[in-house]
Amino acid sequence: MQEIEQLGPWFHNLHLPTGAQTAPNHTLGDFPAFKWQQIEPYIPADLSGWEVLDIGCNAGFYSIELAKRGAHVLGIDVDPHYLRQAEWAAKQFGLEDKIELKQLQVYDVARLDRQFDLVWYMGVLYHLRYPLLSLDILSQKTRRMMVFQTLTMPGENAVEAPDDFGINDRARMLDEGWPKMAFIEKKMAGDLTNWWAPNHAAIEAMLRSCGLRVTERPGHELYILQVDEELRKNQQWNQSELLSATGQQWQQAVGEKVAGKNKYMVGQNGK
């Protein structure tokens with residue numbers, strides 16, 4: 001189709017109702033359909049009434065699949081090229097009334113006055129300079145579940161983190177299963193925006209620290225998460241920092257954090 005060529009290049013290979021495909025010769029194969037096949041069994045077949053946020057929606061493959069199940073989807077991306085593709089694709093499937101598209105950074109979600117039953121967060125975290133900030137923001141906007149994927153370091157080991165450890169006991173952080181992220185200073189695969197590669201232990205630890213619990217792992221680097229209210233309670237200590245980082249009023253929220261810090265310092269000094 002001429003419109004496909006005019007809107008190219010495409011990173012998502014969409015299988016259109018006409019039978020045409022947007023990127024049939026994709027270097028990754030039928031992408032991202034093969035990832036969707038892994039995840040699909042873990043997503044409710046009926047998403048009627050669900051509000052979904054698709055971070056880095058690209059040409060809208062996942063937004064379309066979720067809208068087909070009845071969800072109302074907000075797809076966001078920083079690239080207007082991809083948003084034009086997604087807008088066109090939604091119309092081809094007759095889903096333009098279920099898919100809303102906005103040019104936003106992930107950090108802008110902090111200022112959205114809404115929450116989402118499902119947050120779709122795939123292929124974005126490792127492109128961000130401030131990855132944990134993004135997870136803090138999104139976890140607070142998640143009502144039920146999140147689907148998460150990121151580039152990772154090799155290895156599946158994860159040590160059980162101690163509740164506390166001494167300041168001179170840092171050698172334990174060299175353990176293979178200790179949560180850690182590799183920083184990519186220059187390029188990876190020719191991409192200047194590939195900044196981070198966490199290991200599996202770091203992914204689970206970061207998610208727990210944001211109030212999210214891993215329930216399923218459909219495939220390599222794929223995580224299905226549920227909101228865990230007990231874990232979420234532990235997130236509140238950094239509320240003032242999160243508010244400041246997202247340009248919101250933080251002074252009132254800092255009171256509890258300072259009070260807790262003062263108690264800690266008293267304990268350390270033995271007074």
Side-chain angles (χ1 to χ4, degrees), residues 53 55-56 105-110 112 115-153 155-167 169-170 172-183 195-217 221-246 248 250 253-261 263-265 267:
L53 176 62
I55 308 288
Q105 295 271 4
V106 63
Y107 313 111
D108 295 325
V109 174
L112 293 181
Q115 286 192 314
F116 302 89
D117 300 286
L118 168 61
V119 172
W120 201 270
Y121 193 30
M122 294 183 59
V124 177
L125 181 122
Y126 53 97
H127 292 301
L128 302 177
R129 290 283 290 190
Y130 315 105
L132 192 54
L133 174 60
S134 74
L135 280 173
D136 276 338
I137 290 168
L138 295 178
S139 66
Q140 295 208 356
K141 297 296 183 179
T142 305
R143 271 198 293 258
R144 304 195 202 191
M145 61 185 295
M146 179 186 290
V147 173
F148 177 76
Q149 183 271 336
T150 186
L151 174 77
T152 62
M153 295 172 62
E156 293 287 319
N157 291 346
V159 300
E160 184 175 353
D163 291 335
D164 194 2
F165 64 101
I167 195 168
D169 190 19
R170 283 172 267 180
R172 66 169 61 237
M173 292 189 283
L174 296 174
D175 290 347
E176 182 180 350
W178 187 269
K180 55 177 70 78
M181 285 206 295
F183 179 67
W195 291 112
W196 301 98
N199 64 6
H200 167 67
I203 290 169
E204 291 202 323
M206 287 191 296
L207 293 168
R208 285 193 299 269
S209 78
C210 293
L212 298 166
R213 175 172 50 86
V214 177
T215 59
E216 303 286 350
R217 295 192 60 197
E221 300 181 336
L222 293 172
Y223 297 81
I224 307 294
L225 315 172
Q226 296 284 347
V227 170
D228 187 312
E229 293 299 340
E230 286 301 312
L231 290 174
R232 184 172 272 184
K233 290 177 183 176
N234 297 327
Q235 188 186 20
Q236 298 311 307
W237 70 268
N238 68 336
Q239 185 68 11
S240 64
E241 185 178 342
L242 175 61
L243 291 171
S244 176
T246 53
Q248 302 176 75
W250 56 268
V254 82
E256 185 177 343
K257 179 178 180 178
V258 172
K261 179 181 177 182
K263 291 176 184 177
Y264 159 76
M265 294 301 291

Quiz item: Out of Y223, F116, F148, which one pairs with Y121 under the ring pair (Phe, Tyr, Trp, His ring centres under 6.0 Å) rule?
Solution: F148
Practice problem: Please answer whether the main-chain N or O of W178 pairs with a side-chain N or O of N199 as donor and acceptor at a distance below 3.5 Å. | Solution: yes
Quiz prompt | Considering all heavy atoms, the nearest V124-I55 contact | solution = CG2-O, 3.8 Å
Exercise. Taking K141 for its side chain and L53 for its backbone only, find out whether a donor-acceptor pair lies under 3.5 Å.
Key: no
Quiz prompt | Nearest-0.5 Å distance that lies between atom CZ in R144 and atom CD in Q226 | solution = 9.5 Å
Quiz item: Do L225 and T215 have side chains that get closer than 4.5 Å, going by heavy atoms?
Solution: no
Quiz item: Where is the tightest heavy-atom contact between H200 and A158, given as atom of each residue plus distance?
Solution: CD2-CB, 4.3 Å
Practice problem: Report yes or no: does S244 contribute a side-chain atom to a donor-acceptor pair with the main-chain N or O of E241 at less than 3.5 Å? | Solution: no
Quiz item: Hey, does the side chain of Q149 reach the backbone of L222 with a donor-acceptor pair shorter than 3.5 angstrom?
Solution: no
Quiz item: Do Y107 and I137 touch side chain to side chain, with heavy atoms closer than 4.5 Å?
Solution: yes
Exercise. Starting from the C-alpha separation in whole Å, work towards a yes-or-no answer on side-chain contact (heavy atoms from CB on, under 4.5 Å) for E204 and L207.
Key: CA-CA 5 Å; E204 291 202 323; L207 293 168; 5.6 Å; no
Quiz item: What are the two closest non-hydrogen atoms of M153 and A197, and how far apart are they?
Solution: CG-O, 2.8 Å
Quiz item: If you take all heavy atoms of W196 and L151, which pair is closest and at what distance?
Solution: O-CD2, 3.8 Å
Quiz item: Just by distance, do the side chain of E221 and the backbone of T152 share a donor-acceptor pair under 3.5 Å?
Solution: yes
Quiz prompt | Rounded distance [0.5 Å steps], OG in S139 versus CE in M206 | solution = 12.0 Å
Quiz item: Hey, what do you get for CZ (F183) to CH2 (W195), rounding to the nearest 0.5 Å?
Solution: 5.0 Å
Self-check item: CA sep, side-chain torsions, deciding dist, call: L242, Q140, side-chain contact (heavy atoms from CB on, under 4.5 Å)
Solution: CA-CA 11 Å; L242 175 61; Q140 295 208 356; 3.5 Å; yes
Exercise. Write down the atom of G177, the atom of A201, and the distance for their closest heavy-atom approach.
Key: O-CB, 3.2 Å
Quiz item: Could you state the interatomic distance from CZ (R170) to CZ (R172), rounded to the nearest 0.5 Å?
Solution: 13.0 Å
Self-check item: Check: S240 side chain, A253 main-chain N or O, donor-acceptor pair, under 3.5 Å
Solution: no
Self-check item: Partner of L125 by side chain to side chain contact (heavy atoms under 4.5 Å, CB included), out of L135, I203, L132, L138
Solution: L135
Exercise. Go through the steps to decide whether L212 and D228 satisfy the test side-chain contact (heavy atoms from CB on, under 4.5 Å), and finish with yes or no.
Key: CA-CA 6 Å; L212 298 166; D228 187 312; over 6 Å; no
Exercise. Any chance you could measure R213, atom CZ, to E229, atom CD, to the nearest 0.5 Å?
Key: 11.0 Å
Practice problem: Dump the intermediate steps for side-chain contact (heavy atoms from CB on, under 4.5 Å) on M145 and I224, then the final yes or no. | Solution: CA-CA 7 Å; M145 61 185 295; I224 307 294; 3.8 Å; yes
Practice problem: State, to 0.1 Å, how close K180 and E176 come at their nearest heavy-atom pair, and which atoms those are. | Solution: NZ-O, 3.9 Å
